[in-house]
2 protein chains.
Amino acid sequence: MKKYFNILRKCPLFNDIDDNDLSTMLACLGTKVLSFDKKYTVFSEGSPAKYVGIVLSGSVQVIKNDYYGNRSIVSSAEPSDLIGEAFACAGTSSLPVSIIANEPSEIMLIECYRILHSCSNGCHFHQQMIFNLMKNLAMKNILFHQKIEITSKRSTREKLMAYLMLQAEKTKSNHFRIPFDRQELADYLEVDRSGLSAEISKLRKEGVIECEKNYFELL
Amino acid sequence: MKKYFNILRKCPLFNDIDDNDLSTMLACLGTKVLSFDKKYTVFSEGSPAKYVGIVLSGSVQVIKNDYYGNRSIVSSAEPSDLIGEAFACAGTSSLPVSIIANEPSEIMLIECYRILHSCSNGCHFHQQMIFNLMKNLAMKNILFHQKIEITSKRSTREKLMAYLMLQAEKTKSNHFRIPFDRQELADYLEVDRSGLSAEISKLRKEGVIECEKNYFELL
DNA sequence: TAAATTCTGTTGAATTTTCAACAAAAGGAG
DNA sequence: CTCCTTTTGTTGAAAATTCAACAGAATTTA
């Protein structure tokens with residue numbers, strides 16, 4: 001388990017928790033680590049929402065498919081990020097989304113019950129973890145506000161620019177890589193792929209952006 | 001303060017807290033109650049996010065305006081609902097949204113710091129409140145997933161139907177009132193008002209829905 | 001009660017998006 | 001290295017949304 005410590009330390013769930021305590025905690029929480037190949041399902045829509053996941057390696061996407069197979073990408077998660085915690089914490093009986101590995105990935109699973117309820121060992125970690133979960137959920141809430149701000153724009157161009165400007169802000173740089181290919185970006189922005197491609201071409205010709213695959217630069 | 005107790009008891013922040021303790025707590029938290037007339041601003045975009053609000057009476061809307069004055073309604077809140085808690089808990093320096101009274105409303109304000117940090121009186125409430133905040137944030141998270149599911153639909157009709165079906169689910173009934181007028185519903189669904197009106201007419205003619213002002217019925 | 005304001009439904013024109021189809025480029029498998 | 005699959009950019013036609021403008025209803029104000 002040691003090899004994951006650098007990732008786990010950066011996980012919001014373990015904020016302000018002493019490195020020395022980490023091993024004890026993991027034992028107390030009864031963690032398990034699963035591996036998933038690209039495109040494989042980590043959590044599937046409709047299944048019980050018992051587990052909190054921590055991305056250890058690779059990356060995953062939170063996906064919602066509607067009646068007619070239209071895919072919408074709700075969010076993506078990278079190493080150290082938590083997944084599924086909102087549903088587990090809220091006590092949702094079944095997941096309203098699927099979570100899919102976007103590349104070969106390792107995920108640590110923790111039964112949410114074990115985090116929220118003190119154990120018979122009298123571990124003093126639980127209060128801190130609940131506090132950390134709360135902070136993390138508040139932060140995710142803000143991410144949703146940002147996503148809504150992006151997708152509330154009415155045109156493909158505005159959505160794309162709002163997304164790119166947010167990425168620039170996050171990375172504090174005018175050039176960056178995004179975690180999506182074209183189809184995925186379209187599914188995240190909730191627009192048509194071909195229309196998105198066309199819009200990217202236009203912006204490039206107009207000298208507003210430069211881009212090469214998933215690398216973008218704002219000019 | 002007594003007159004608000006019935007509302008406060010239903011507020012997620014005070015879940016599992018004994019009625020007898022409520023007065024002590026409110027004193028400890030240093031609450032204040034403010035009144036707002038219709039259309040007045042409870043929290044304004046850009047201001048510091050120090051306070052958690054509880055809607056005591058009336059109703060409010062969480063609003064995001066973009067560069068060119070397009071209004072987007074992120075969510076609405078009714079008595080017993082919490083507002084602004086995600087920003088306060090996450091420690092955001094300034095609010096990315098405005099919160100506006102939708103009718104004459106009373107709002108109780110609590111400094112978030114006072115909730116999250118134990119006081120010198122050694123109140124034992126804080127841990128429970130942090131747990132409650134966490135649950136509430138998880139629930140809000142799920143509401144955002146629902147909003148994203150609605151607005152990710154590509155057509156006005158699909159957005160409207162997704163919204164109405166969710167309302168029907170929530171009220172466990174095929175008839176209900178919504179907290180929006182036409183323009184507000186359009187701003188919530190992120191579509192054009194006239195197009196929305198036209199779509200409602202169509203659905204009515206097709207016998208799919210019945211509606212009168214903000215009262216809707218699914219057939 | 002009357003006047004003024006706000007809200008709602010309708011319309012047609014202009015703009016955009018979606019859809020379907022295709023070819024070139026890139027990437028992966030054997 | 002070649003073949004096969006996936007990804008990407010382009011196109012034009014069809015469909016849908018947005019926009020602007022208006023009139024009637026409904027609501028509020030004086």
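Order of the sequence lines sets the chain letters (A, B, ...), proteins ahead of strands, with each chain counted from 1.
Annotation: cation-pi geometry satisfied between Lys147(B) and Tyr188(B) (NZ/CZ under 6.0 angstrom from ring centroid, within 45° of ring axis). For the pair Lys50(A) and Phe87(A), the cation-pi test (distance below 6.0 Å, angle within 45°) is failed.
Of the listed residues (Glu199(A), Lys153(A), Lys159(A)), just one forms a side-chain contact (heavy atoms from CB on, under 4.5 Å) with Val191(A), and that residue is Lys159(A).
Regarding Lys213(A), its NZ atom lies at a distance of 12 Å from the P atom of dT7(D), rounded to whole Å. For the pair Ile200(A) CD1 and dT10(D) C1', the computed distance is 14 Å after rounding to whole Å. In this structure, the CD atom of Glu158(B) is 17 Å from the P atom of dT17(C), given to the nearest Å. Atom CG of Leu203(B) and atom P of dG9(C) are 12 Å apart (whole Å). Between the P atom of dT18(C) and the CG atom of Leu196(A) lies a distance of 10 Å, rounded to the nearest Å. dT17(D) atom C1' lies 11 Å from atom NZ of Lys202(B), rounded to whole Å. Atom CD in Glu199(B) sits roughly 9 Å away from atom C1' in dA16(D) (whole-Å rounding). Following rounding to the nearest Å, Lys38(A) (NZ) and dT6(D) (P) show an atom-to-atom distance of 11 Å.
Near DNA chain C, meaning a heavy atom under 4.0 Å away, the residues from residues 178-187 of chain B are Asp181(B), Arg182(B), Gln183(B).
Ser98(B) places a side-chain N or O within donor-acceptor distance of the main-chain N or O of Glu45(B), the cut-off being under 3.5 Å. With hydrogens and angles disregarded, no donor-acceptor distance shorter than 3.5 Å links the side chain of Lys135(B) to the backbone of Gly91(A). Ser57(A) contributes no side-chain N or O that, together with a main-chain N or O of Ser105(A), makes up a donor-acceptor pair within less than 3.5 Å. Under a 3.5 Å cut-off, the side chain of Asn132(A) and the backbone N or O of Asn15(A) do form a donor-acceptor pair.
Using a 4.0 Å heavy-atom cutoff across all strands shown, Ser197(A) reaches at least one base atom of the nucleic acid.
Within 6.0 Å of OH on Tyr113(B) lie no more than 12 heavy atoms contributed by other residues, nucleotides or ligands.
A donor and an acceptor atom, one from each side chain of Glu190(A) and Thr151(B), are nowhere located under 3.5 Å apart.
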Pairs under 3.5 angstrom, nitrogen or oxygen only, protein versus nucleotides 19-23 of chain D, please.
| residue | atom | partner | partner atom | Å |
| --- | --- | --- | --- | --- |
| dC19(D) | N4 | Ser194(B) | OG | 3.3 |

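For Ser155(A) and dT16(C), the shortest distance from a side-chain N or O to OP1 or OP2 is not below 4.0 Å. Side-chain nitrogen and oxygen atoms of Thr156(B) include at least one within less than 4.0 Å of the OP1 or OP2 phosphate oxygen of dT17(D).
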